[in-house]
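Chain identifiers are assigned alphabetically (A, B, ...) following the order of the sequence lines, protein sequences preceding nucleic acid strands; residue numbering begins at 1 within each chain. As a basis for the values below, the full set of heavy atoms in this structure was taken, side chains included, without hydrogen atoms, waters or symmetry mates.
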Number of protein chains: 2
Amino acid sequence: MGLRADYVTRPREWIASILAREPRFLSAAQIHQGLERDGARVSLSTVYRTLDHLQGKGDITARPDADGEVTYMLCEPSRHHHHAICRTCGRVEDVDCAAMEQFAESLRARNGFELDGHAIEFFGKCGACR
Amino acid sequence: MGLRADYVTRPREWIASILAREPRFLSAAQIHQGLERDGARVSLSTVYRTLDHLQGKGDITARPDADGEVTYMLCEPSRHHHHAICRTCGRVEDVDCAAMEQFAESLRARNGFELDGHAIEFFGKCGACR
DNA sequence: CGGGATTTTGCGAATAGTTCGCAAATGAGG
DNA sequence: CCTCATTTGCGAACTATTCGCAAAATCCCG
Ligand SMILES: [Zn+2]
Ligand SMILES: [Zn+2]
Ligand SMILES: [Zn+2]
Ligand SMILES: [Zn+2]
């Protein structure tokens, strides 16, 4: 009772290693394909379960892509920050949250990232709900 | 041949009217339920097709929710702006894109919206892709 | 007000992504 | 090694979304 087990297994190591070397959001299917390419035989169910597991540990971030397919990336959501996503290759660069207004400039300066769009969502309580 | 037909039909009017009175993102299923509640019998397929149609006309915005289910709201995506989404009731208020830094303040002042979080995504080309 | 060409709808079947149940395999600990 | 809890694989079940096709609705024009 109490302690939650956290076995180290081949499938989990393989999946973590795929995520570790891809700085972009990957779908469960893409991860599964990556495993096959590496010669690692892991069921798709296990991929999903491992992703849930990693998400539970706070090791990965999940996000539905434009079509609603959920994608995952190694990234600590606990450290509040945002993402710059390359429209061409999908590469993700972390962006801290300090000065929003400077983002466009600093992004370019720091990462060579050429900004051409952004999406923002604010959350909170509307007047009626307070 | 050129002109694209754009029939005015009951289902389309009903669906548009549901969207018109809900300032929040609704899933196809929620819209379908709303139609039934109104006594309007429309198939779920038609709901999806009408949503595609409205999206094609640029009348609605679609966005996958956290679980990947796609949701829709009456909102012109052509006028670039962002959304403040109430964590409690889902109400969406439009926010223009001018001065990002002032958003938190102005949101509260203008709409009584109490901000407690935000998600931002930048898009563009990374250094490697340029 | 029809009549016919065109578009839209409903239905059920087909997809695609994700989850589940359960028996067999694996990892942790002694 | 042995034992027990956890994890895996497999196939079936689910859910959201899309499709094909015949029937119904809309529009246009006379
Ligand atoms: Zn990150
Ligand atoms: Zn790139
Ligand atoms: Zn809007
Ligand atoms: Zn609210």
So what stems show up for DNA chain D if we need 3 or more Watson-Crick or G-U pairs in a row, all under 3.5 Å?
C:1-13 with D:18-30, C:15-17 with D:14-16, C:19-30 with D:1-12
Heavy-atom contacts under 4.0 Å between residues 24-34 of chain A and DNA chain D, which residues?
none
Looking only at side-chain N and O atoms, does Tyr48(B) come under 4.0 Å of OP1 or OP2 in dT18(D)?
no
Could I get the full list of side-chain contact (heavy atoms from CB on, under 4.5 Å) partners for Arg37(A), not counting sequence neighbours?
Gln33(A)
Salt bridge (Lys or Arg N to Asp or Glu O under 4.0 Å) with Arg12(B): which residues, sequence neighbours excluded?
Asp6(B)
For His53(A), give me all partners under ring-ring contact (aromatic ring centres under 6.0 Å, His included), at least two apart in sequence or on another chain.
none
Looking at Thr71(A) and Arg63(A), would you say the former's side chain and the latter's main chain have a donor-acceptor pair under 3.5 Å?
yes
List the steps and the verdict of ring-ring contact (aromatic ring centres under 6.0 Å, His included) for His80(A) and His118(B).
CA-CA 10 Å; His80(A) 182 68; His118(B) 59 264; 5.2 Å; yes
In whole angstroms, the gap separating P of dT6(C) from OH of Tyr7(B) amounts to 9 Å
Can you list everything that forms a salt bridge (Lys or Arg N to Asp or Glu O under 4.0 Å) with Asp38(B)? Sequence neighbours excluded, please.
Arg21(B)
Near Glu13(A) CD, under 6.0 Å, is it more than 12 heavy atoms from other residues, nucleotides or ligands?
yes
Considering residues at least two apart in sequence or located in another chain, which fulfil the ring-ring contact (aromatic ring centres under 6.0 Å, His included) criterion with His32(A)?
none
Would you mind telling me which residue lines up with the more 5' stretch of DNA chain D, Glu69(B) or Val8(B), judged by nearest nucleotide?
Glu69(B)
Transitive ILVMFWY cluster of Tyr72(B), excluding itself - 4.5 Å side-chain cut-off:
Trp14(B), Ile15(B), Ile18(B), Leu19(B), Leu26(B), Ile31(B), Leu35(B), Val42(B), Leu44(B), Val47(B), Tyr48(B), Leu51(B), Leu54(B), Ile60(B), Val70(B), Leu74(B)
Selection: residues 51-67 of chain A, any non-hydrogen atom under 4.0 Å of DNA chain C
none
Using the 3.5 Å cut-off, write out each protein N or O paired with an N or O of nucleotides 9-13 of chain C and the distance between them.
from: dT9(C); atom 1: OP1; to: Thr9(B); atom 2: OG1; distance (Å): 3.0
from: dG10(C); atom 1: OP1; to: Arg41(B); atom 2: O; distance (Å): 3.2
from: dG10(C); atom 1: OP2; to: Ser43(B); atom 2: N; distance (Å): 2.9
from: dG10(C); atom 1: OP2; to: Ser43(B); atom 2: OG; distance (Å): 3.1
from: dG10(C); atom 1: OP2; to: Thr46(B); atom 2: OG1; distance (Å): 2.7
from: dG10(C); atom 1: N7; to: Arg49(B); atom 2: NH2; distance (Å): 2.6
from: dG10(C); atom 1: O6; to: Arg49(B); atom 2: NH1; distance (Å): 3.1
from: dC11(C); atom 1: N4; to: Ser45(B); atom 2: OG; distance (Å): 3.4
from: dG12(C); atom 1: O6; to: Ser45(B); atom 2: OG; distance (Å): 3.2

Residues at least two apart in sequence or cross-chain that pass side-chain contact (heavy atoms from CB on, under 4.5 Å) with Arg41(A), listed by chain then number, are none
Shortest non-hydrogen contact from Lys125(B) to Arg130(B)?
CB-CG, 3.7 Å
Residues two or more places apart in sequence or in another chain: which of them pass side-chain contact (heavy atoms from CB on, under 4.5 Å) with Phe123(A)?
Glu121(A), Ile85(B), Arg87(B), Asp116(B), Ala119(B)
Taking Pro23(B)'s backbone N and O only, do any of them form a donor-acceptor pair with Arg91(B)'s side chain (distance below 3.5 Å, no angle check)?
no
